[in-house]
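Working notes for the structure below.
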Number of protein chains: 2
Amino acid sequence: MESFATNTLRTHELRHTGCREDILTLFYTHKTALAHGDLETVLRDRYDRVTIYRTLKTFADKGIIHKVLDEDGLRYALCKDTCHDHDHHHDHVHFKCAACGQTTCLDEVRIPMIQLPSGYQKRETNLLIQGTCPKCSQ
Amino acid sequence: MESFATNTLRTHELRHTGCREDILTLFYTHKTALAHGDLETVLRDRYDRVTIYRTLKTFADKGIIHKVLDEDGLRYALCKDTCHDHDHHHDHVHFKCAACGQTTCLDEVRIPMIQLPSGYQKRETNLLIQGTCPKCSQ
DNA sequence: GTTTATGCAAATTCTTTGCAATACT
DNA sequence: AGTATTGCAAAGAATTTGCATAAAC
């Protein structure tokens with residue numbers, strides 16, 4: 001059985017390097033969105049900070065990960081399989097927990113149809129819900 | 001008739017200064033969200049960059065403006081009247097035009113009820129719709 | 001062997017902080 | 001007069017760029 005990282009890299013015709021493999025694996029195991037700083041903390045003695053920046057940019061360009069924005073800044077999360085270079089699904093729902101600070105993708109939640117004022121053409125929607133996650137709300 | 005800026009500053013018990021007046025007026029006339037950089041471009045010879053940062057922070061703390069986030073970074077937009085220090089409305093819908101790059105608040109659009117997986121408690125929702133605005137979609 | 005990715009250094013850009021001078025009420 | 005705001009200088013983060021070396025295919 002081939003690893004997620006190896007498989008993903010080959011699918012997107014990217015060279016297989018240590019940094020790329022490690023970052024993909026981190027995204028795959030953590031189910032939450034990760035910031036550059038999160039990765040740097042873990043990988044700082046293995047890879048240069050700049051390499052991490054470039055890896056994130058490469059992955060985002062290829063549609064492997066996508067940006068997640070909240071008031072604390074920029075994070076990235078894995079795109080689901082349905083989300084390829086040219087066949088993107090255009091809704092993202094993220095949940096940010098005010099208690100633990102973690103952001104998760106809620107892939108199973110669909111954004112309902114929204115009626116826009118006339119003239120507006122929708123291409124992509126991004127919903128950020130803030131509140132308390134199951135772990136923290138007990 | 002009192003100006004929007006003067007009125008807003010008094011309502012929130014803030015001192016009336018040139019920078020605050022000018023920034024409020026800019027938000028009031030532009031109907032779109034503005035980044036620090038946008039304001040700096042216009043006001044750079046009148047006020048220090050740091051003063052603009054501090055003014056934005058003050059306004060955001062008071063609930064006069066709110067943050068708007070998209071892939072290009074952080075912007076601010078005026079809160080509507082319904083949005084006071086303690087009586088915030090917790091839904092924001094923003095539209096970002098891919099053509100002209102401008103972000104506008106769609107105050108008239110309400111976010112439909114969304115069913116979250118069990119355990120998640122919603123406090124605030126933020127919807128960013130990207131596409132083409134009326135001006136650019138002709 | 002050719003192409004692409006990495007590491008390092010350094011440059012840019014963005015944002016915050018401290019403090020004295022100034023402006024507001 | 002008393003308090004809050006501003007400007008300036010400088011520090012601290014975050015991000016980008018150039019280029020030689022190293023790794024992948």
Side-chain angles (χ1 to χ4, degrees), chain A residues 2-3 5-27 33-62 64-76 85 101 103, chain B residues 2-3 5-26 33-62 64-76 85 101:
Chain A
E2 191 172 49
S3 81
T6 303
N7 187 24
T8 303
L9 290 172
R10 207 198 22 253
T11 303
H12 292 86
E13 297 176 301
L14 290 171
R15 292 193 175 177
H16 187 284
T17 69
C19 185
R20 287 175 178 172
E21 165 154 5
D22 289 353
I23 288 182
L24 281 176
T25 303
L26 282 170
F27 275 115
L34 299 172
H36 174 271
D38 299 327
L39 297 169
E40 203 192 325
T41 303
V42 180
L43 303 172
R44 87 165 81 241
D45 36 273
R46 253 179 293 172
Y47 311 106
D48 192 86
R49 168 196 277 134
V50 175
T51 302
I52 299 173
Y53 275 113
R54 290 196 266 225
T55 303
L56 289 172
K57 182 168 190 333
T58 301
F59 288 172
D61 289 346
K62 286 284 183 176
I64 299 170
I65 58 177
H66 61 272
K67 293 183 178 183
V68 182
L69 288 131
D70 62 40
E71 312 225 334
D72 295 335
L74 174 60
R75 262 168 255 249
Y76 293 90
D85 285 59
T103 302
Chain B
E2 191 171 49
S3 80
T6 303
N7 187 23
T8 302
L9 291 172
R10 206 195 24 250
T11 303
H12 292 86
E13 297 177 302
L14 290 171
R15 291 193 177 178
H16 188 284
T17 68
C19 185
R20 287 174 177 172
E21 166 153 5
D22 289 353
I23 289 182
L24 281 177
T25 303
L26 282 170
L34 299 171
H36 175 272
D38 299 327
L39 296 169
E40 203 191 326
T41 303
V42 180
L43 302 173
R44 89 166 78 244
D45 36 271
R46 252 179 294 172
Y47 311 105
D48 191 86
R49 167 197 277 133
V50 175
T51 302
I52 299 172
Y53 274 114
R54 289 196 268 226
T55 303
L56 289 172
K57 183 168 190 333
T58 301
F59 288 173
D61 289 347
K62 286 285 182 176
I64 298 171
I65 58 179
H66 61 273
K67 293 182 178 183
V68 182
L69 289 134
D70 62 40
E71 313 226 331
D72 295 335
L74 174 59
R75 262 169 255 251
Y76 293 91
D85 284 59

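All chains are named by letter (A, B, ...) in the order of the sequence lines, taking the proteins before the strands, and each is independently numbered beginning at 1.
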*What one-letter contact string describes nucleotides 19-25 of chain D from 5' to 3', where B marks a base within less than 4.0 Å of any protein heavy atom, S marks contact via sugar-phosphate atoms alone, and - marks no contact?*
----BBS
*Measure the spacing between NE2 of H16(B) and CG of N7(B) and express it to the nearest 0.5 Å.*
10.5 Å
*Mind calculating the distance between OH (Y53(A)) and P (dA13(D)) to the nearest angstrom?*
12 Å
*Heavy-atom side-chain proximity of L24(B) to I64(B) below 4.5 angstrom*: yes
*Walk along DNA chain C from 5' to 3' and tell me the first and last nucleotide with an atom closer than 4.0 Å to a non-hydrogen atom of chain B.*
dC14(C) to dT25(C)
*Any side-chain heavy atom of L26(B) within less than 4.5 Å of one from L43(B)?*
yes
_Please enumerate all residues that pass salt bridge (Lys or Arg N to Asp or Glu O under 4.0 Å) together with R54(B), with sequence neighbours excluded._
none
*Take the protein atom CG of L56(A) and the nucleotide atom P of dT16(D), then report the distance between them rounded to whole Å.*
10 Å
*Going from CD on E71(B) to CG on L69(A), what distance comes out if it is rounded to the nearest 0.5 angstrom?*
6.5 Å
*Using a heavy-atom distance cut-off of less than 4.0 Å, which residues of residues 34-49 of chain A contact DNA chain D?*
R49(A)
*asked:* Walk me through whether L34(B) and I65(B) qualify under side chain to side chain contact (heavy atoms under 4.5 Å, CB included).
replied: CA-CA 10 Å; L34(B) 299 171; I65(B) 58 179; over 6 Å; no
*Given atom CZ of R20(B) and atom P of dA4(D), what is their separation to the nearest angstrom?*
11 Å
*Roughly how far apart are E40(B) CD and D48(B) CG, rounded to 0.5 Å?*
8.5 Å
*Taking the side chain as every heavy atom from C-beta outward, state whether R75(A) and D70(A) have any pair of such atoms under 4.5 Å apart.*
yes
*Which is it for T55(B) and L39(B) under the side chain to side chain contact (heavy atoms under 4.5 Å, CB included) test, yes or no, and what are the steps along the way?*
CA-CA 11 Å; T55(B) 303; L39(B) 296 169; over 6 Å; no
*asked:* Is the shortest side-chain heavy-atom distance between R49(A) and H36(A) below 4.5 Å?
replied: yes
_Working to the nearest 0.5 angstrom, can you tell me the gap between Y47(A) OH and T17(A) OG1?_
7.0 Å
*Using the side chain to side chain contact (heavy atoms under 4.5 Å, CB included) rule, take H66(A) and Y76(A) through it: C-alpha gap first, then chi angles, then the decisive distance, then the call.*
CA-CA 5 Å; H66(A) 61 272; Y76(A) 293 90; over 6 Å; no
*Would you please name every residue forming a side-chain hydrogen bond (donor to acceptor under 3.5 Å, both in side chains) with R46(B), sequence neighbours left out?*
D22(B)
*asked:* When the axes are fitted on five pairs at both termini, how much does the helix from dG1(C)-dC25(D) to dT25(C)-dA1(D) curve, in 10° steps?
replied: 40°
